[in-house]
Amino acid sequence: MRNLEIARVFETIADILEMEGDNPFRIRAYRRAAQNVEALAEDLESIAQRGALTEIPGIGKDLAAKIQEYLSTGRLSDLERLKDRFPPGVLQMLSVPGIGPKKARLFYESLGVKSVDELEAALKEGRWKDLPGIRERTVEKILSGIKTFREGMGRKLLSHALPLGEAIASALSSSGLAKRVELAGSIRRRKETVGDLDVLVISDRPREVVDLFASMSIFKEVLSKGDTKSSAITADNFQVDLRVLEEGSFGAALQYFTGSKSHNVRIRTLAQRKGLTLSEYGLFEEASGKLVASSTEEEIYAALGMSYVEPELREDRGEVEAALEGKLPRLVELEDIRGDLHVHSNWSDGTADLEEMISYAQGLGLEYIAITDHTSSLSVAHGLDRERALRQVEEIREIAGRFPGIRVLCGLEVDVLPDGSLDMDEEVLSKLDVVVASVHSHFNMSREEMTRRVLRALQNPYVSILGHPTGRILGEREALDLDVEAVIREAAARGVALEVNSYPKRLDLPDALVKRAMELGATICVNTDAHVPQQFNNLRWGVYCARRGWATRERCLNALGFEELVARLRRRRPALR
DNA sequence: GCCGTTTTCGGCCCGACTGTTTTCAGTCG
């Protein structure tokens, strides 16, 4: 599957053309092509074989030829030519918030800086003073952008890392050399970003496992390779650590390598108090060195007098105490989620029409979805004004009848305006089943103003869900300056659900705040915010995030069956039919 | 570079915000 690779190629071309000041529509064509290629469910190679490349939206004759060239030669002559114009580090500057093509080019051509690091140094040395249009405030903004950029770097989104880990694990499993393969570390804890990847293997032929691992074609460099351990780096600079163990110590090793560090410190202290000692090889009696437990994690936790702790909870956020008291929650699972209440179509900025979205969701076995397109103040997304909104309601009700396998609710993702009012009148809102209220603009209000704004939206009787409540985007945008505690309390009091947006870069509410929402009695709703049918599959990322926040099925709005859900929505929205 | 019941050329999304200017350029969504 080389779709992602080709999407990146188109993105890079778009970046370079943008720096050269090329026709903006041509640039947009490349970006749109990249997006559509990335969203494809089918392999580009098999589409190419069918000769159907131009059937992909946004792919015409030219781009189809470029895809063909890339598939057959592994390179693209156009791109090679363009790449000579700007060093890769200059292209990377575009990922720094506050730097676009114009500034990147300016810095490169007039300061000679070829990377983000060099740019930072030059700015700190004050070498920007003679540059046109660059003053103190701009420099401050860019320096803080560089900080944000660095925080997002080096770590990969879970949604990228987990499939990679699963591919490595399955290659090792299918070799027949391993009795068991598990991913450990933060990826097993389902942390939203992952710094590296830990793979544990049980085998009595460790040398061969190591050889197989080190020879995998995904790696560009093998850092170390011994009898039971190896580390290697993938082409996109992601480190993978392999550890091969004997069957007996698997539980202890899995527990040890899953972490987190702070969770393990707590566990080992606990063991010490009981006269025991815990290592990656097992739980032993301190005095005699006698093995107490080692083959499964369950045994180890049990021997310490605790209930089993799900990996997602192992962050030392109170799970040790709760496990000792037997009071850990039963976490929500992917199978508990019955529907999706935040879905877009091509009525606003989605790519698929209503039928496609509904039929895909039905195919996945969802019991219900709510269509929630944007409202008109979000003009970039071609949001709906009242007339189109009303027309869409009629159309949804009509189309829904043709899909007996799934219930389709009418909704909107309504913009929360700066004063906290909603971007749609009450007459329209009263005709909807679900209203997701979201902040999409004016991100830099003061904490007081922003909090007042969101609280006012929550107080609106038509709002059912607060969409991506903090507005953060991993590696791209900080969370809104918001008194989240007050927002959670208000949501709990008003019966408005807080969204856990499953989009891998959002995961918003973030896990720590999901936990706070649980503590304060609020309800969450794990939605995909799908703009493309395939994005319904993002649900798992949201569920992981919710689990890391101790969320239970009982406190998850869309774990309710349809009748219960409607009853719940109606409780807040008397007008619901 | 794509696209088409306004169809093979001429559109294609554009408003808000910021910081720089003194009427605007760059970035973002």
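Because the structure is predicted, anything quoted here is derived from the model rather than measured. FYI, side chains are in, hydrogens and waters are out, and symmetry mates aren't considered; it's all heavy atoms of this structure. Order of the sequence lines fixes the chain letters, A, B, ..., with proteins taken first and strands second; residue numbering starts at 1 for each chain.
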Length of the CD-P vector between A/E413 and B/dG29, whole Å: 15 Å

Decide yes or no for A/L432 and A/Y462: does some side-chain heavy atom of the first lie under 4.5 Å from some side-chain heavy atom of the second? no

A/F443 CZ to B/dC28 C1': how many Å, rounded? 9 Å

Expressed in angstrom and rounded to an integer, what is the separation of A/D349 atom CG from B/dG29 atom C1'? 10 Å

A/E387 with A/R391: basic N within carboxylate O range, under 4.0 Å: no

Whole-angstrom distance between B/dG11 and B/dT6, as gauged at atom C1': 11 Å

Using atom C1' of each nucleotide, how far apart are B/dC13 and B/dT27 to the nearest Å? 16 Å

Atom CE of A/M93 and atom P of B/dG26 are separated, to the nearest Å, by 17 Å

Whole-Å distance between B/dA16 P and A/L378 CG? 12 Å

DNA chain B: 5'-proximal contact among A/D78 and A/P418 (nearest heavy atom): A/D78

Base, sugar-phosphate, or nothing: which does A/P24 touch, judged by heavy atoms less than 4.0 Å apart? nothing

How far, in whole Å, is B/dA16 from B/dC2 if one measures between their P atoms? 32 Å

Among B/dC2, B/dT20, B/dC13, which nucleotide sits nearest the side chain of A/D62? B/dC2

With the side chain counted from C-beta on, respond yes when A/L111 and A/E118 share a heavy-atom pair under 4.5 Å apart, and no when they do not. no

Provide the distance between the two P atoms, one in B/dG10 and one in B/dG15, to the nearest whole Å. 24 Å

Distance check, P atoms only: B/dT23 and B/dC28, in whole angstrom units. 26 Å

Return the value, rounded to whole Å, for the distance between atom CZ of A/R105 and atom P of B/dT27. 12 Å

Side chain of A/R28: nearest nucleotide among B/dC12, B/dT27, B/dG1? B/dC12

Counting only side-chain heavy atoms from C-beta out, which of B/dC2, B/dC12, B/dT20 sits nearest to A/F25? B/dC12

With sugar-phosphate meaning primed atoms plus P, OP1 and OP2, does A/I99 contact a base, only sugar-phosphate, or nothing at under 4.0 Å between heavy atoms? sugar-phosphate

With a 3.5 Å cut-off and no angle check, do the side chains of A/T528 and A/Q535 form a donor-acceptor pair? no

Categorize A/R135 for me: base, sugar-phosphate, or nothing, with a 4.0 angstrom heavy-atom threshold over every strand shown. sugar-phosphate

Which part of the nucleic acid, if any, lies within contact of A/I27, taking any heavy atom under 4.0 Å across all strands shown: a base, the sugar-phosphate backbone alone, or nothing? nothing

Output the rounded distance in Å from CD1 (A/I146) to P (B/dT27). 14 Å

Would you mind classifying the nucleic acid contact of A/S441 as base, sugar-phosphate or nothing, using non-hydrogen atoms under 4.0 angstrom? nothing

Closest-nucleotide ordering on DNA chain B, the 5'-leading residue of A/G98 and A/V139: A/V139

If you measure from the C1' atom in B/dG26 to the same atom in B/dT20, how many Å do you get, rounded? 10 Å

Does any part of the side chain of A/I56, heavy atoms only, come nearer than 4.5 Å to the side chain of A/L44, both counted from C-beta? yes

Which part of the nucleic acid, if any, lies within reach of A/P132 when heavy atoms closer than 4.0 Å are counted: base, sugar-phosphate only, or nothing? nothing

So, A/K431 and A/E427, do they make that salt bridge, N to O below 4.0 Å? yes

What distance, rounded to whole Å, do you find between the two C1' atoms, one in B/dC3 and one in B/dT8? 10 Å

How would you label the contact of A/R477 with the nucleic acid (heavy atoms, under 4.0 Å): base, sugar-phosphate, or nothing? sugar-phosphate

Identify which nucleotide among B/dC13, B/dG1, B/dG26 has an atom closest to any side-chain atom of A/K66, counting heavy atoms from C-beta outward. B/dG1

Find the distance A/L106:CG to B/dG26:C1' and express it as a whole number of Å. 11 Å

Does the distance from a Lys or Arg side-chain N to an Asp or Glu carboxylate O, for A/D385 and A/R388, drop under 4.0 Å? no

Touch class at under 4.0 angstrom, heavy-atom based, for A/E136 against every strand present: sugar-phosphate

From C-beta outward on A/R32, which listed nucleotide comes closest to its side chain: B/dG1, B/dC3, B/dC13? B/dC3

Applying a 3.5 Å limit to both distances, which nucleotide forms a Watson-Crick or G-U wobble pair with B/dT8? none

When you get a sec, tell me which of B/dT20, B/dC28, B/dG1 is the closest nucleotide to the side chain of A/R137? B/dT20

